[in-house]
Amino acid sequence: MTRHFLVDTDLSPAEQAEVLDLALELKNSPYSRGTYSGEGAGRKTVAVIFDKTSTRTRVSFATGIADLGGVPLIMGAGESQLGHKESVTDTAMVLERMVATIVWRTYAQADLEEMAASSTVPVINALSDDYHPCQLLADLMTIREHKGELKGLTMTYLGDAANNMANSYLLAGVTAGMHVRIAGPEGYLPEPRIVDAAKERAAGTGGSVLITTDPAEALQGADVVATDTWVSMGQEIEDQEVKSARFALFRSYAVDSAAMARAAPDAVVLHCLPAYRGYEIAADVIDGPQSAVWDEAENRLHAQKALMVWLMERS
Ligand code: CP
Ligand code: NVA
């Protein structure tokens, strides 16, 4: 059966741990796996499609595929027939006859599901409106490097708690047995279906879920503090008044020194980047000693290589 990675919970807790173990192994020996090269490897090309802009995801997939002996075929928005002239299903039916893996950054999660449903090669979600599961593999890997363990740690996310990162922190965090706390303003909290899925997963891993509008409650003693932009791709606001009103709503959820004073003294700070200093995160926090954001960015490479190897071995 072909395995896909469309949402964090597509990996069971044991499988997530296997991918993270492999990611740490590949960080130490980057060229030890020839998944897309060598005798018996078969197809070499990996399609990497971007309907939204990207720096980290684009570079980490391109370099990671090359490290595994493959050839990245990067397609930007509007460069293929997908989305305007041709359906997702018809595109999948063509790609799956030529490439080894499909990586896609797009808007609707339903489109990724449609691609996967018609593909006999693995499909990887490189960010959708709903989830950013590849980012969470890198984040969990970074936490393991800094803290040793994941299970039992408290991970707090502040800010736009209705976005893809909040959803993925929730689902990937509880999969790892973490206590995940999500804080954002009323109207910007995760949808009940995602909270329910996280609670169900947490019940089997010893993790837990707290959703609150109170940033202080979420931060108390946290081992990991994470945030993300207050305006995600696809939500850009032209009207300055509307934009200011949105920022005012999020201001008390900023990760600044006052917020960090509530977390554990040795808490690590994560941000998937790109970051907006002075908005969701203060410059002295992201550029300060508790920040692990550059390790986190580098780990996109190692975690995604591990994911591609793992999916290819099981598909
Ligand atoms: N964190 C992340 O996915 O970055 P890019 O949007 O630059 O790929
Ligand atoms: N929530 C952000 C993440 C960027 C990596 C966005 O979707 O724009």
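Just so you know, ligand 1 is whichever comes first in the structure, and atom 1 is the first atom listed for that ligand.
Contact annotation: for R105 versus ligand 1, heavy atoms closer than 4.0 Å belong to the side chain alone. Neither the backbone nor the side chain of K52 comes within contact range of ligand 1; no heavy atom lies under 4.0 Å. Under 4.0 angstrom from ligand 1, the non-hydrogen atoms of L273 all belong to its backbone.
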- request: Carefully, step by step, assess F250 and Y188 under the rule ring pair (Phe, Tyr, Trp, His ring centres under 6.0 Å).
  value: CA-CA 9 Å; F250 284 118; Y188 295 91; 5.0 Å; yes
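Between F247 and W230, the ring center distance clears the sub-6.0 Å criterion.
In terms of protein heavy-atom proximity, atom 2 (C) of ligand 1 is nearest to R300 NH1, 3.3 Å. What sits closest to atom 4 (O) of ligand 1 on the protein, heavy atoms only, is R56 NE, 2.8 Å.
Within ligand 1, counting atoms from 1 as listed, the ones closer than 4.0 Å to a heavy atom of C272 are 1 (N). Listed by number with element, the atoms of ligand 1 under 4.0 angstrom from any heavy atom of H132 are 2 (C), 3 (O). Of all the atoms in ligand 1, the ones that sit under 4.0 Å from a non-hydrogen atom of T57 are 2 (C), 3 (O), 5 (P), 8 (O). Close approach of ligand 1 to T55 (heavy-atom distance below 4.0 Å) involves ligand atoms 5 (P), 7 (O), 8 (O).
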Starting from the N and O atoms of ligand 2, collect every protein N/O partner closer than 3.5 Å and put each pair on its own line with the distance to 0.1 Å.
from     : atom 1 : to   : atom 2 : distance (Å)
ligand 2 : 1 (N)  : N164 : OD1    : 2.8
ligand 2 : 1 (N)  : D228 : OD2    : 2.6
ligand 2 : 1 (N)  : S232 : OG     : 2.7
ligand 2 : 7 (O)  : N164 : ND2    : 2.8
ligand 2 : 8 (O)  : M233 : N      : 2.7

